[in-house]
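For reference, the structure discussed in these notes is given below.
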Amino acid sequence: MLDVLIVAPHPDDAELGMGGAILRFREEGLKVGVVDLTSGEPTPYGSLETRARETAEATAILGLDLRENLGLPNRSLEPTLEARRLLAGVYRRTRPKWIFCPYWVDAHPDHLAAVELAEAARFWAKLSKSDLPGEPHHPQRVFHYYCVHLRLVVPPAFVLDISPYWDRKRAAIECYRSQFTAGREGETPSFIDRLRDQAATWGLSIGTAYGEPFFSREPLGLRGWNDVV
Ligand SMILES: [Zn+2]
């Protein structure tokens with residue numbers, strides 16, 4: 001049983017988009033899982049073995065309760081009925097309250113397919129009289145994290161303060177050496193420093209050191225003001 005399930009097109013997207021949120025959720029005692037839809041391979045400096053090892057290292061830093069890979073095709077991910085069935089089965093088995101998936105505008109077709117799959121699987125997961133495994137389950141909400149291959153500046157639904165978690169988020173991302181270090185020697189600013197600057201900009205927008213933006217198609221509900229920064 002999970003509180004939060006993050007749907008990621010590729011291993012590393014969950015870390016990039018919401019590594020800080022994951023660490024915060026875990027510290028608050030929530031159960032958090034990540035389902036990577038594809039292996040992320042091929043890439044210029046990666047291999048299946050390398051990516052699996054890097055993902056395991058990052059998973060340990062984040063302290064995830066569950067991490068799975070659906071083994072769908074990288075670079076040609078499609079929101080097929082079979083893929084929807086697989087993901088709806090994960091929802092019914094892990095029963096999360098909240099689903100997180102990528103932002104719905106992106107240049108990367110895998111990310112767009114992941115959004116469609118994550119939302120369609122939520123609908124299917126609640127169906128009765130179906131041949132899906134497990135019992136019907138309807139996650140309460142879908143949120144979208146920011147891991148986008150476009151220079152978009154979109155006002156988020158909210159920004160989460162991740163100031164105490166930035167160093168560990170950075171360490172989790174740095175596990176993916178084949179993606180963010182190999183072949184980038186001498187890049188200034190480095191990819192990771194760019195990410196830090198971005199996290200600092202989101203933090204600045206809410207008056208904290210570091211932040212992560214989140215998006216929602218539906219309005220957010222609040223029960224009180226205690227957590228507003
Ligand atoms: Zn990705």
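Order of listing sets the numbers, starting from 1, for every ligand and every atom in it.
Checked by atom type and distance alone, the side chain of Arg92 pairs as donor or acceptor with a backbone atom of Gly134 at under 3.5 Å.
Contact of the Arg26 side chain with the Asp65 side chain is registered, since non-hydrogen atoms from C-beta on lie closer than 4.5 Å.
When the Zn ion (ligand 1) is compared with the N/O/S atoms of Asp13, atom OD2 turns out nearest. Distances from the Zn ion (ligand 1) to each N, O or S atom of His10 single out ND1 as the nearest.
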*Give the intermediate values and the outcome of salt bridge (charged side-chain N to carboxylate O under 4.0 Å, His left out) for residues Glu119 and Arg217.*
CA-CA 11 Å; Glu119 291 180 322; Arg217 297 193 200 259; 2.8 Å; yes

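When all heavy atoms are compared, the tightest approach of Leu62 to Ala172 is CD2-CB, 4.0 Å.
With a cut-off of 2.8 Å, the Zn ion (ligand 1) has an N, O or S atom of His111 in range.
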